[in-house]
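Written out below as structure tokens is the structure these notes cover.
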Amino acid sequence: MWKNRLVEISRPASETITEAEDAPSLITDGIACASYRNVAVTFTGLTATDIDIQVWVNDGTGWAQATDAAGAVIDIDDITTTWGQTFEVAGFDRFAVVVDGGTGFGEVVRQYSLSRF
């Protein structure tokens, strides 16, 4: 939705992750995205050898691992540098990209950006 010819963007605080995370299970996990169309997520400052991530969505009734157009769950392994991706989230209440593992884990910074347009 345009407001004064500008795209409305929200950017929650970044999070430093220092260990593998569990899959989301609570309604408060992840970030609220109900009034947004897109969510971008970046991982920067990687001090691990590599990280593995999973994408999750919540439709108000429960969490499910997101799938791609072919129906395969989105589970990306062996990220070794800065990584970013934008996801369409229209119709979902919450969104999470969790670091579910990695090698030589140190830390990585996760940043979400949400937009309405």
Side-chain angles (χ1 to χ4, degrees):
M1 153 180 322
W2 292 91
K3 183 175 183 179
N4 300 327
R5 297 181 175 232
L6 300 174
V7 176
E8 295 181 41
I9 297 174
S10 173
R11 193 167 192 202
S14 62
E15 304 169 90
T16 300
I17 303 160
T18 59
E19 61 186 4
E21 302 173 291
D22 293 328
S25 60
L26 304 173
I27 194 61
T28 55
D29 288 342
I31 59 168
C33 65
S35 63
Y36 294 93
R37 181 177 174 185
N38 294 298
V39 175
V41 61
T42 59
F43 289 92
T44 59
L46 180 66
T47 62
T49 304
D50 64 65
I51 61 169
D52 306 332
I53 62 172
Q54 294 178 341
V55 179
W56 292 81
V57 291
N58 186 304
D59 63 0
T61 60
W63 286 98
Q65 197 167 352
T67 58
D68 63 18
V73 295
I74 301 174
D75 186 0
I76 304 165
D77 295 333
D78 304 324
I79 297 170
T80 60
T81 188
T82 297
W83 182 91
Q85 181 73 41
T86 300
F87 298 91
E88 290 189 27
V89 295
F92 293 104
D93 292 341
R94 308 235 9 128
F95 177 82
V97 179
V98 299
V99 176
D100 69 316
T103 306
F105 213 95
E107 67 180 37
V108 64
V109 176
R110 174 178 48 221
Q111 176 70 61
Y112 293 108
S113 296
L114 301 99
S115 65
R116 298 179 188 115
F117 63 89

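Every residue two or more places apart in sequence or in another chain was checked for a salt bridge (Lys or Arg N to Asp or Glu O under 4.0 Å) with R94, and none qualifies. Take S14 and apply the side-chain contact (heavy atoms from CB on, under 4.5 Å) test, not counting sequence neighbours, and it matches V109, Q111. In this view, I31 and V39, F95, Y112, L114 satisfy the side-chain contact (heavy atoms from CB on, under 4.5 Å) rule, not counting sequence neighbours. Considering only residues two or more places apart in sequence or on other chains, D100 meets the side chain to side chain donor-acceptor pair (under 3.5 Å) condition with Q54. Qualifying side chain to side chain donor-acceptor pair (under 3.5 Å) partners for T44, counting only residues two or more places apart in sequence or in other chains: none. The side-chain contact (heavy atoms from CB on, under 4.5 Å) test applied to T103 returns T49, D50, not counting sequence neighbours.
Here the CZ-CG distance, from F87 to N38, works out to 11.0 Å after rounding to the nearest 0.5 Å. The structure places OG1 of T47 at 4.5 Å from CD of E107, a figure rounded to the nearest 0.5 Å.
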Mind listing the side-chain donor-acceptor pairs of residues 61-86 below 3.5 Å, one per line with the distance, residues two or more places apart or on another chain?
residue	atom	partner	partner atom	Å
T61	OG1	D59	OD1	2.6
T61	OG1	D59	OD2	3.4
W63	NE1	L26	O	2.9
Q65	NE2	I74	O	3.3
D68	OD1	A70	N	3.0
D68	OD1	G71	N	3.1
D68	OD1	A72	N	3.0

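There is a path of hydrophobic side-chain contacts, each under 4.5 Å, that joins V41 to I53. Note: the hydrophobic cluster containing V99 also contains L46 (ILVMFWY, side chain heavy atoms under 4.5 Å, direct or indirect links).
The shortest non-hydrogen separation linking P24 to A96 is CG-CB, 4.3 Å. Of all the heavy atoms in Y36 and V89, the pair that sits closest is O-CG2, 3.9 Å.
Among residues at least two apart or in separate chains, salt bridge (Lys or Arg N to Asp or Glu O under 4.0 Å) pairs with a member in residues 21-46 are E21-R110.
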